[in-house]
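Remarks on the structure that follows.
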Amino acid sequence: MSDAPFKSEFLQTLKARGHINQITHSAELDELAAGGPITAYIGFDATAASLHVGHLFSIMTLRRLQQTGHKPIVLMGGGTTKVGDPTDKEGQRPLLTEEQIQSNIDSIKEVFSRFLTFGDGPTDAVMVNNAEWLDRFGYVQFLRDYGVHFTVNRMLAFDSVKLRLEREQPMTFLEFNYMLMQSVDFLELERRYGCILQMGGSDQWGNIVNGVELIRRVDQKPAFGLTTPLLSTASGQKMGKTVGGAVWLNADMRSPYDYWQFWRNTEDADVGRFLRLFTDLPAEEIARLETLQGAEINEAKKVLANEATTLLHGADEAAKAAAAAQAAFEQGGLSADLPTHEVAAADLHAGVALAALAVDAGLAASKGEARRLAQGGGLRINDKAESDGNRVVTAADVVDGVVKLGAGKKKIVLVKPV
RNA sequence: GGGGGAAUGUCCCGAGUGGCAAAGGGGGCGGACUGUAAAUCCGCUGCUGUAAUGGCUUCGUAGGUUCGAGUCCUACUUCCCCCA
């Protein structure tokens with residue numbers, strides 16, 4: 001990659017916003033992108049019912065692509081998921097059934113329409129499932145058509161394979177084939193849609209390069225790869241790993257309120273970078289926010305939370321989440337938009353043990369944990385710390401129609417008798 | 001085909017002599033300090049129950065020896081290494 005400034009708006013934008021790690025044949029790609037719309041894709045495997053914040057980086061990259069006048073393809077890995085990407089994993093993952101994969105794909109789809117415009121126009125996004133072609137290959141046909149273009153010597157040299165071997169962790173033949181399948185995907189998309197660029201995380205470099213080479217070799221056509229940097233927080237944590245595990249994008253798996261909180265809790269050192277990556281705010285505005293110091297940087301975090309939540313869940317949800325947060329954290333008050341947990345009014349009249357209620361409301365995984373939490377001073381009823389997990393919560397604790405339960409400083413649930 | 005080794009708290013790594021839910025670390029959670037930040041310090045980290053002694057379930061799977069098994073024996077499963 002040369003240091004010369006890019007000509008195409010697409011690459012300029014990606015570079016300025018911090019999306020680029022490596023590019024193959026960057027000058028040539030730049031030339032093409034400057035000359036007119038190009039088509040590019042990113043693949044998403046359907047290993048879970050929702051994508052998470054880690055995927056957001058890729059989604060935003062496609063968004064920038066479309067914003068700068070090009071055509072994005074979202075490739076759903078209906079076929080590849082059946083095999084499992086060995087990249088950077090320590091061991092083989094359990095294989096998913098076809099039904100699981102399909103149901104995952106169905107539930108993932110929705111999210112993309114928030115970030116991309118789909119349709120039939122020249123720069124409208126399209127979604128394709130690689131099961132369409134991968135499922136159809138016969139074994140021998142696949143080997144003859146594509147197997148000839150890959151040498152094992154070369155495959156063994158790729159990091160994804162090499163690491164496994166070095167760590168003495170087994171890699172099945174099944175997984176070993178993943179790389180070929182991904183390469184064939186690229187070739188197929190090139191033939192069907194004239195797709196010339198595959199993008200992905202830096203861990204996908206090996207897989208991507210293979211596809212690039214396959215196209216150049218088999219079809220003698222230009223093809224390119226671009227990877228995004230590995231995303232981690234300033235303190236070295238993997239991005240998107242928090243309290244309950246992954247930060248899911250689907251609203252039913254992580255509420256807009258929690259999503260807003262996730263961004264609000266960004267580390268100071270990450271705010272500028274995340275604003276560039278995960279919002280559409282103009283560079284000048286971000287530069288201004290970045291100059292904020294000390295406690296003022298919280299304002300920048302709110303902007304980040306608002307923008308990011310608006311992109312995913314819409315402005316209304318973002319505003320509600322912001323209002324709820326303001327009420328809870330800045331005014332110590334209540335807001336109907338805080339997470340709410342309903343209990344039967346009769347139960348509350350009879351009295352419920354605090355520990356049990358906390359578990360019920362999702363603040364602790366077990367009564368023992370809730371009790372320990374209380375003992376450590378982390379459980380609050382109506383903002384008053386309660387160290388006894390066996391303390392009985394009754395109707396007398398209801399204030400303004402709810403009992404406000406808090407675990408730690410950041411988790412609040414309104415328990416509402418119904 | 002032969003020989004040797006490994007599997008531990010279901011988040012990960014990892015110690016473990018026949019006799020305490022099992023050292024330690026990471027991670028996570030909570031507290032203090034702050035700004036809903038980072039760093040630091042302190043506490044917690046199988047389930048259940050208690051004022052407390054407890055009860056139950058955990059060391060690859062299934063059996064066995066034993067008053068008692070993560071630890072010993074047998075078979076099985078998976079993986080690694082060496083020889084062929």
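Just the heavy atoms: all of them, side chains too, but no hydrogens, waters or symmetry mates, feed the values below. Chain letters run A, B, ... following the sequence lines, proteins first and then strands; every chain starts at 1.
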Look only at the side chain of [X] and the backbone of [Y], and say whether a donor-acceptor pair between them is shorter than 3.5 Å.
| X | Y | answer |
| --- | --- | --- |
| A:D30 | A:K7 | yes |
| A:R17 | A:R276 | yes |
| A:N104 | A:A46 | yes |

If we call it a pair only when both distances are under 3.5 Å in a Watson-Crick or G-U wobble match, what pairs with [N]?
| N | value |
| --- | --- |
| B:C67 | B:G19 |
| B:C44 | B:G28 |
| B:G1 | B:C83 |
| B:A62 | B:U74 |

> Contact class for A:A325 (heavy atom, under 4.0 Å): base, sugar-phosphate, or nothing?
Replying inline: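 Base: the residue A:A325, judged by heavy atoms under 4.0 Å, touches a nucleobase.
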> Looking across every strand, which nucleic acid part, if any, lies under 4.0 Å from A:L379 by heavy atom: base, sugar-phosphate, or nothing?
Replying inline: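 Result for A:L379 = nothing.
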Atom pairs under 3.5 Å, N or O on each side, protein against nucleotides 31-33 of chain B: can you list them with distances?
| from | atom 1 | to | atom 2 | distance (Å) |
| --- | --- | --- | --- | --- |
| B:A32 | OP2 | A:K409 | NZ | 2.9 |

> Expressed as a whole number of Å, how far does the P atom of B:U57 sit from that of B:G18?
Replying inline: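 The answer is 25 Å between these two P atoms.
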> On a whole-Å scale, what distance lies between the C1' atoms belonging to B:U10 and B:A21?
Replying inline: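 One C1' to the other, the span is 16 Å.
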Rounded off to whole Å, could you give me the [atom1]-to-[atom2] distance for the [X] and [N] pair?
| X | N | atom1 | atom2 | answer |
| --- | --- | --- | --- | --- |
| A:L289 | B:A37 | CG | C1' | 16 Å |
| A:Q261 | B:A37 | CD | C1' | 13 Å |
| A:N265 | B:A37 | CG | C1' | 8 Å |
| A:N298 | B:A38 | CG | C1' | 12 Å |
| A:D270 | B:A39 | CG | P | 11 Å |

Which pairs, protein N/O on one side and nucleotides 41-46 of chain B N/O on the other, fall under 3.5 Å?
| from | atom 1 | to | atom 2 | distance (Å) |
| --- | --- | --- | --- | --- |
| B:C44 | O2' | A:R372 | NE | 3.3 |

> Within less than 4.0 Å of OP1 or OP2 of B:G35, is there a side-chain N or O belonging to A:K302?
Replying inline: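 So the side chain of A:K302 is outside the cut-off, no N or O lying under 4.0 Å from OP1 or OP2 of B:G35.
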Under 3.5 Å between N/O atoms: give me all the protein pairs with nucleotides 49-54 of chain B, atom names plus distance.
| from | atom 1 | to | atom 2 | distance (Å) |
| --- | --- | --- | --- | --- |
| B:G49 | OP1 | A:K367 | NZ | 2.6 |
| B:G49 | OP2 | A:R371 | NH2 | 3.3 |
| B:U50 | OP2 | A:R371 | NH2 | 3.4 |

> Aromatic ring centroids of A:Y259 and A:W248 under 6.0 Å?
Replying inline: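 No, they do not, as the ring centres are separated by 6.0 Å or more.
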